[in-house]
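The next block holds one structure in the form of structure tokens; read it before the comments.
Predicted, not measured: the structure shown is a model, and the values here were computed from it. So you know, we letter chains A, B, ... as the sequences are listed, proteins then strands, and number each from 1. Just so it is clear, the values below take in all heavy atoms, side chains as well, and ignore hydrogens, waters and symmetry mates.
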Amino acid sequence: MSATVQTLEAMERPPVSMGSRLEGELLEVSMGPQHPSTHGVFRMNVALDGEIVRKLKPVFGYLHRNHEKIGENTSYLGSMPYTDRLDYFCSMTNNWAYALSVEKLAGIQVPERAEYLRIILAELTRLQNHASLLGFLLNDMGAWGTPLMYAFREREKILDLFESLSGSRMMCDYMRFGGCRVDASDDWLVGAKKIVDRFPKFLDEFEELILGNEIVIGRTQNVGKVSAELAINAGVTGPMLRACGVNYDLRKVDGYGYYPHFKFRIPLGEHGDTYDRLMMRALEMRESVSILQQAFAQIQPGPVLNPKVKIRAFRPPIGEAYGRIEGPKGELGFYLISDGGPNPYRYRVRPPSFINLTILEDMCLGHTVADVMVILGSVDIVMGEVDR
Amino acid sequence: MIGSGILKGMAVTARNFVGSYFEKDRLITVQYPEERNPLPENYRNFPFLIYDGDDPHAGLRCVACKICEKECPPQCIYIVKSDDKKPDYMGKPQLYPKVFDIDISVCMSCQICVEVCPFEAIKMDKEFELSKRERFNHLLQRKEELSKSNDYYHKICPTDAAEVDAKLAEAAAKKKPAPAPSAPTPVSAAVS
Amino acid sequence: MMESLEEIKARIQAAAPGVKIDIVANGSPSQQHSLLIDNEHAVGIAKFLRVDPALRLDFCSNATGVDWLDRTVKKTVKVKKLVDGEEKEVNETIEGKIPGYLEAVYHLYSITHKHGPVIIRMRTADRTDGARLPSLTPIWRSAEFQEREIFDLYGVRFDGHPDLRRILMWDEFQDYPMRKDYREPDDYEWEPTPHDEVLEKAKQHYPPRPAEEELKPS
Amino acid sequence: MSEQIDERLRTELQRQGVWVTSMQDLYNWGRKNSIWPLQFGLACCAIEMIATAASRYDIARFGGEIFRPSPRQADLMIVAGTVTKKMAPQIVRLYNQMADPKYVIAMGACAISGGPFKQGYNVLKGIDRYIPVDVYIPGCPPRPEALLHAFMELQSKIDSQKLTGAHKAVHLDPKQPSEFPVPTFGKHDLEPPGNPVVFQPPKIER
């Protein structure tokens with residue numbers, strides 16, 4: 001399946017001319033760390049020739065809050081609430097990735113109902129992450145407010161679900177090694193199903209609002225193209241990789257959790273440009289809705305936590321493990337080394353949006369400075385995860 | 001036709017604008033200070049200490065075991081054990097915290113303290129209107145501010161509180177093989 | 001299915017004689033063993049892993065540093081000994097010293113064949129400012145920022161890296177904060193709830209907490 | 001000055017259709033209902049700040065919907081999220097660039113004290129080490145309602161500010177600094193690690 005890409009002959013932009021009148025006089029501009037469109041405290045040092053980007057160096061570290069060092073000084077359980085704050089849009093998937101790594105490290109089994117709940121929460125997270133990403137992306141393009149308001153309206157509904165299940169809107173701290181902290185009541189599942197069933201209506205409306213818009217098409221098609229070879233070599237993952245036409249989704253490849261029991265398709269792009277990346281999110285939301293509907297139909301009552309796992313004084317055996325899941329932004333991995341003590345000896349997060357930024361310069365070169373914001377928006381970064 | 005996409009998008013916004021006068025689904029604004037969203041029962045903000053009965057000192061469930069202080073990931077709990085002992089709900093003499101401080105300017109509401117507490121002594125509160133004009137001292141909650149009655153806990157989390165009461169009563173009944181005639185009453189009262 | 005690490009090791013050594021590769025066993029249930037490759041031939045080995053048609057490890061997912069300090073490992077071994085004229089099996093603890101090293105770990109996957117991970121590690125015993133390892137960025141560009149991060153936080157210089165600068169901390173910063181022997185600056189001026197390590201640091205700023213009565217068993 | 005108007009006289013006049021106010025009340029009323037925040041988010045709390053500005057909580061009901069991208073046009077800085085040592089000089093600089101009268105809300109545990117990350121080597125233990133903060137919101141992150149509550153708290157603070165006299169507002173006192181020194185990046189830490197003019201924690205008796 002591929003992204004339907006509308007091409008409009010009349011709207012096609014002329015090829016960017018490499019020789020402009022101001023050639024030779026490069027203007028160095030520092031965009032960020034305080035900039036309305038940098039999605040947080042991100043900074044780019046851009047060298048401009050007129051309006052054309054000739055060089056772009058990202059500068060990180062403005063939100064480097066020592067997640068890994070703190071993880072090495074905190075118990076295995078104590079790191080769980082910190083993972084919420086990595087990518088603060090997707091605390092549920094962060095929880096899952098960390099729990100998965102610890103489960104690999106210690107060889108822990110997870111009960112079936114917990115696996116279903118994890119999938120439900122991860123896909124809900126994907127829905128709200130992609131919806132708000134599209135809102136932010138349109139914000140960067142100048143559609144100030146409206147799409148973001150619509151996206152946040154839907155996001156609030158999902159956050160209410162998270163809140164009534166886990167107790168917190170954003171920092172859920174919901175998963176535990178060997179399952180989930182609390183069970184979802186039947187009422188919760190019914191309420192969640194209702195919201196998921198109505199989500200496609202929002203998607204129809206949202207797609208009508210933005211995806212046919214000529215300005216959106218004009219500003220995204222053929223902007224920030226990435227070839228599949230470069231994307232693979234640069235370690236790009238998630239929707240950004242699939243927008244280049246590479247079929248690599250960890251839900252299928254690794255088949256972690258109960259994903260092999262679900263039927264869903266992987267949307268693929270063709271051109272690897274910003275429009276494909278945008279479409280990828282819209283199409284993935286449709287697939288997530290279908291996964292959620294299957295999960296609501298299949299989930300059975302049962303325990304949600306493996307009773308053998310100790311909460312306090314949890315000490316996995318000596319060794320190391322690398323666990324990864326398909327987060328909404330890409331491959332989120334946790335690399336843990338245990339020396340047999342109560343704290344991990346090495347606690348490493350493989351942040352998808354940080355590594356996806358490797359090719360930011362390649363994508364932006366030759367485009368105008370206004371396109372940089374759109375390209376950056378389509379990468380879907382969250383600084384909490386980029387800098388950790 | 002060029003422009004049709006923009007017109008379609010505008011039709012969507014117009015539909016939402018007009019619809020917001022008729023559909024509750026499109027007009028979602030909560031008029032906050034006057035109108036409030038009901039907080040779900042699981043909602044958590046900052047921890048508080050539970051005491052049974054009316055006296056915050058005599059009924060305090062905390063025995064100053066310091067597990068929460070040790071497990072708290074951001075280390076926002078500070079406990080000093082008492083020198084003397086007082087009877088707990090089962091009549092067993094136990095220590096109590098002489099000092100119990102929680103720095104809510106550090107607390108990250110992870111509720112790990114609740115999870116690890118073996119005495120059901122610490123629970124999560126739902127109070128969130130805690131803005132202060134001064135940080136030092138105002139955001140450091142002392143034992144006196146943290147201690148709240150079991151009735152309060154029943155008010156904010158009825159289901160959980162009933163479960164906890166039943167569990168404690170069961171433990172008390174198990175400890176005393178020949179229960180006093182008055183002992184079973186709180187169990188049924190808590191369950192019903 | 002992917003070949004075992006022993007087969008990969010044998011094939012690399014057949015392709016390039018003189019290469020030193022050790023298999024680092026992993027005792028945890030994850031069973032993710034790794035290859036310790038020697039620094040001189042690291043780039044060649046990495047290239048082999050990437051282009052070999054059976055492996056095609058074209059995706060370097062994760063690159064990270066690990067700091068191992070000097071450590072003593074205690075092992076219990078059963079030894080036959082003469083005890084009171086009789087030969088008996090006695091448990092004996094042997095203390096082994098492992099000198100410390102800085103390590104770079106790479107997790108490789110193949111997008112073409114959808115297999116992995118193959119984990120490779122490189123080590124250097126040098127803990128000074130001049131600790132060096134070869135850069136694998138020319139093979140996998142995804143290592144570019146991650147190697148910069150290792151340089152920033154662990155102080156390992158990567159030879160052949162196109163743009164090796166500090167990435168997370170500011171340029172004037174001189175320490176390597178993720179090293180286990182790093183001491184952070186003391187700014188614990190207002191610690192209302194200090195204990196453990198924080199208490200030790202806060203002690204310099206205000207009087208320590210009162211001595212506590214030890215809990216007597218009742 | 002408002003104390004000088006007799007409250008009964010004022011209501012009587014209002015009943016007659018004459019609206020009487022003092023310069024101070026009018027001035028504070030105008031300012032407190034048009035607080036324009038600086039559009040600048042740092043971390044997790046910024047998302048809750050956006051949620052507050054979005055349609056469900058709608059900060060526009062309090063006159064604060066216009067998030068200005070430039071500090072020159074903003075009255076209020078909502079420090080929403082972890083302030084790292086690398087970011088702290090920029091925040092102080094932004095604060096210095098804001099025009100008086102200016103207010104600061106420290107939103108969330110990280111902005112107040114470093115919060116859960118305060119043990120980190122790159123995390124500033126509270127933005128009030130360098131700039132004065134008017135309202136602190138505990139929580140990690142605080143709910144949007146909590147931010148609205150803090151906003152109302154700030155409005156009541158503005159409302160109570162005096163234009164003249166010994167207790168007049170800080171920004172009207174020419175002797176009070178409105179800009180604070182920007183820390184520089186040092187070899188191991190920020191230099192200086194705090195501004196003693198602003199940061200005066202009490203001694204704890206433990």
[X], part contacting chain C, at a heavy-atom distance under 4.5 Å:
X      : result
A:S101 : neither
A:Y335 : side chain
A:I355 : side chain
A:L63  : neither
A:I108 : neither
A:E103 : neither
A:E331 : side chain

Is [X] close to chain A through its backbone or its side chain, or both, or neither, when contacts mean heavy atoms under 4.5 Å?
X      : value
C:Q31  : neither
C:R166 : neither
C:A143 : neither
C:W170 : neither

- prompt: When heavy-atom pairs shorter than 4.5 Å are enumerated against chain C, which of A:E229, A:K57, A:R346 gives the highest number?
  reply: A:R346
